[in-house]
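One structure is given below, encoded as structure tokens.
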Amino acid sequence: MVVKYRPFEGFSLFGIHSSKYNISRMADGNRYYEQFSPDFENIVTSVAGQTGSYDFGVDIKEKPITLECFCNGITEFERRWVEGWLAPGKVGKLVYDESPFKYYMVKLASPTNFSFIPYSYGISGEGILYKGTFTLELVALYPYALSRFNTLDELIYDNPSGALYYNSGLLYSEIIPPAIFENITNNFNAILYNGGNANAKANVKITGTWNELTIINRSTDQEFTLGKNDVISTFEVDANLGQCRHSNLGVLATDYHDGTYLHVEGTGWVDMYEGISFISGSDIVSFPANTALDEGLEGKFIFMEDGQYEIKEIIGENQIRLMDNFVGTSGDYNITIAKANKIAILGSNLNISRLEFAYKYTYY
């Protein structure tokens, strides 16, 4: 997909790009404003006679979004289309040109008031051209952005300079770890990747039989257990709705489920390195002498075509130690380093034909 690229000016709303109507976002004295987090309310309570308050977490609310816009001229006919475009009641995607990899699902929060100057145009001045400004007040009722793409292969940037002004967290398809597993009969460990910087809610779909099944995300310290199931069935443990469902019967299966619902932690940032030296059977990885290694590499993963490897520690100015030995062919590789989620699948008498973790990369 080719994405139009007018960073900090263009945007797409309800499936229409702002450039269609000569509309751009405006800065206030070269400054743009963005609310980092959704609205929230701290949940606290006080007890008579006690000092201070007790903390019971935070209630996440919607995310307000304000766009200051300039219209550089639309005809009377185009104005009618803009009025329809910005009519109340619509729910759709908002995509900024500078971050085309993600979208917010938004609706109008208040009427849009167009402050304009009418100009005559045409040979005899018979037409009217409207130029002016307006403020778009939007609200994302689900306050996080979701990824538009699954891999970096799917996105082509229409940007003549070739520069990328952001880090999307997307990876190329050949190095992404799987989120679907088949024919599970023994305990095993896996990793899941969320290219966003916020936790993604997962719908865990399990088909098969088991005496007992526990799935743990060690990165978020979450887990759940399903009770005995001796008839081939599909269960969904869905964090989006906070439900455990028996898919075949179409009913809730609350009695089978004990524990929580799984989130997949976001990576926050992706680092790419070229010409990194690996030796088959060794846990030592060597970087070029001029490479500056981030102190926070411990616990992150190396993603490469030969698999994924967890980083144990930095052992020198340009070397790291892996948790496990490298099993590929010795040589120099281009690699990506990012966070990943460590998943454990545990149980007895497992006969699972398919296990799927369904989620979208999620961003603030």
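This structure is a prediction, so every number in the text was calculated from the model and none was measured.
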Are Phe301 and Tyr309 grouped together when hydrophobic residues (ILVMFWY) are joined by side-chain heavy atoms under 4.5 angstrom apart? no

Could you tell me which non-hydrogen atom of Leu136 sits nearest to which non-hydrogen atom of Cys69, and how far apart they are? CD1-SG, 4.3 Å

Which class fits the ring pair Tyr54 and Phe56: parallel under 30°, tilted 30 to 60°, perpendicular over 60°? tilted

What distance separates Ser37 OG from Ile60 CD1, expressed to the nearest 0.5 Å? 7.0 Å

Are Arg321 and Asp283 ion-paired here, with the side-chain N under 4.0 Å from a carboxylate O? yes

Do the side-chain N and O atoms of Thr225 and Thr214 include a donor-acceptor pair separated by under 3.5 angstrom? yes

Measure the spacing between CD1 of Ile314 and CD1 of Ile320 and express it to the nearest 0.5 Å. 7.5 Å

Taking all non-hydrogen atoms of both residues, which atom of Leu108 and which atom of Ala87 are closest, and how far apart? CD1-O, 3.6 Å

Passes side-chain contact (heavy atoms from CB on, under 4.5 Å), Asn42 versus Asp59? Steps please. CA-CA 6 Å; Asn42 289 321; Asp59 184 13; over 6 Å; no

Do side-chain atoms of Ser147 reach the backbone of Lys360 as a donor and acceptor pair under 3.5 angstrom? no

Tell me whether Ile117 shares a hydrophobic cluster with Tyr121, the cluster being built from Ile, Leu, Val, Met, Phe, Trp, Tyr side chains joined at under 4.5 Å. yes

If I compare all heavy atoms of Phe326 with all of Thr329, which pair ends up nearest, and what's the gap? CE2-O, 3.4 Å

Could you tell me the separation between the CD1 atom of Ile216 and the CG atom of Asn189, rounded to the nearest 0.5 Å? 9.0 Å

Does a side chain donor of either Glu212 or Ser348 reach within less than 3.5 Å of an acceptor in the other side chain? no

Using distance alone, with no hydrogens and no angle criterion, decide if Thr234 and Thr207 have a side-chain donor and acceptor under 3.5 Å apart. yes

Compare every heavy atom of Leu226 with every heavy atom of His257, then report the nearest pair and how far apart it is. CA-CD2, 4.0 Å

Consider only side-chain N and O atoms of Glu265 and Ser219, and report whether a donor and an acceptor are under 3.5 Å apart. no

So, do Tyr193 and Phe303 have ring centers that fall under 6.0 Å from each other? yes

May I ask you to decide if Asn341's main-chain N or O and Asn217's side chain share a donor-acceptor pair within less than 3.5 Å? no

same_hphob_cluster(Tyr261, Val251) at 4.5 Å side-chain heavy-atom cutoff: no

Under 3.5 Å: donor-acceptor pair, side chain of Asp97, backbone of Pro7: no

Quick one, Thr135 and Ser110 - any side-chain contact, counting heavy atoms below 4.5 Å? no

When you check the gap from the basic side-chain N to the acidic O, do Glu310 and Lys312 get nearer than 4.0 Å? no

Mind checking whether Leu170 and Arg148 have side chains closer than 4.5 Å, heavy atoms only? no

Ion pair Arg25/Glu9, N-O distance below 4.0 Å: no

Quick one, Phe11 with Tyr96, criterion ring-ring contact (aromatic ring centres under 6.0 Å, His included). Give me CA distance, side-chain angles, the key distance, then yes/no. CA-CA 4 Å; Phe11 63 94; Tyr96 298 122; 7.6 Å; no

Just wondering, do Pro288 and Ile276 contact through their side chains at under 4.5 Å, heavy atoms? yes

Do the rings of Tyr256 and His246 sit parallel, tilted or perpendicular, given the 30° and 60° boundaries? perpendicular

Stepwise side-chain contact (heavy atoms from CB on, under 4.5 Å) check, Leu146 with Tyr361: CA-CA 6 Å; Leu146 300 174; Tyr361 297 173; over 6 Å; no

Can you confirm if the NZ or CZ of Lys131 lies within 45° of the ring axis of Tyr119 and under 6.0 Å from the centre of its six-membered ring? yes

For the pair Lys90 (side chain) and Gly84 (backbone), establish whether a donor and an acceptor sit closer than 3.5 Å, ignoring hydrogens and angles. yes

Side chain proximity check, Thr267 to Asn197, heavy atoms < 4.5 angstrom: no

Check: Leu13 main-chain N/O paired with Trp85 side-chain donor or acceptor under 3.5 Å: yes

Holding to ring-ring contact (aromatic ring centres under 6.0 Å, His included), I want the full list of residues that pass it with Phe181, two or more places apart in sequence or in another chain. Phe188

Just wondering, do Tyr130 and Glu76 contact through their side chains at under 4.5 Å, heavy atoms? yes

Should the pair Arg79 and Phe114 be classed as cation-pi, given the thresholds of under 6.0 Å to the six-membered ring centre and 45° from the axis? no

Could you tell me whether the side chain of Ser173 reaches within less than 4.5 Å of the side chain of Glu154, counting heavy atoms only? no

Look at the side chain of Gln222 and the backbone N and O of Arg218, then say whether any donor-acceptor pair between them is shorter than 3.5 Å. no

With a 4.5 Å cut-off on side-chain heavy atoms, are Met105 and Val91 touching? yes

Do Glu236 and Asn203 have side-chain N/O donor and acceptor atoms under 3.5 Å apart? yes

Looking at NZ of Lys205 and CD1 of Ile180, how far apart are the two atoms once the value is rounded to the nearest 0.5 Å? 8.5 Å

Can you sort out the partners of His263 under ring-ring contact (aromatic ring centres under 6.0 Å, His included), two or more places apart, ordered by chain and number? none

Verdict with supporting geometry, Tyr104 and Leu141, side-chain contact (heavy atoms from CB on, under 4.5 Å): CA-CA 9 Å; Tyr104 293 94; Leu141 298 180; over 6 Å; no

Can you check whether Gly316's main-chain N or O pairs, donor with acceptor, with Gln319's side chain at less than 3.5 Å? no

Applying side-chain contact (heavy atoms from CB on, under 4.5 Å), run through Leu171 and Thr336 and close with a yes or a no. CA-CA 8 Å; Leu171 303 179; Thr336 298; 3.7 Å; yes

Short N-O contact, Lys63 and Asp39, less than 4.0 angstrom: no

Ring centroids only, cut at 6.0 angstrom: are Phe149 and Tyr103 within range, meaning strictly under it? no

Answer with yes or no after comparing the ring centroid distance for Tyr21 and His17 against a 6.0 Å cut-off, counting only values under it. no

SG/Cys71 to CD1/Ile23 distance, rounded to the nearest 0.5 angstrom? 5.0 Å

pair Leu350-Asn187: side-chain heavy atoms closer than 4.5 Å: yes

Please list all pairs passing the ring pair (Phe, Tyr, Trp, His ring centres under 6.0 Å) test where one or both residues lie in residues 22-45, with sequence neighbours left out. Phe8-Tyr32

Would you confirm whether Asn211, through its side chain, and Asn349, through its main-chain N or O, come within 3.5 Å as a donor-acceptor pair? no

Audit row: Tyr144, Tyr363, ring-ring contact (aromatic ring centres under 6.0 Å, His included) steps and yes/no: CA-CA 6 Å; Tyr144 301 107; Tyr363 304 83; over 10 Å; no

Looking at every non-hydrogen atom in both residues, tell me the closest pair between Glu78 and Ile74 and how far apart they are. OE1-CA, 3.2 Å

Checking Glu356 side chain against Ala358 main chain: does a donor-acceptor pair fall under 3.5 Å? no

Which distance, rounded to the nearest 0.5 Å, do you find between the NZ of Lys342 and the CG of Leu192? 13.0 Å

Check: Thr362 side chain, Gly196 main-chain N or O, donor-acceptor pair, under 3.5 Å: no

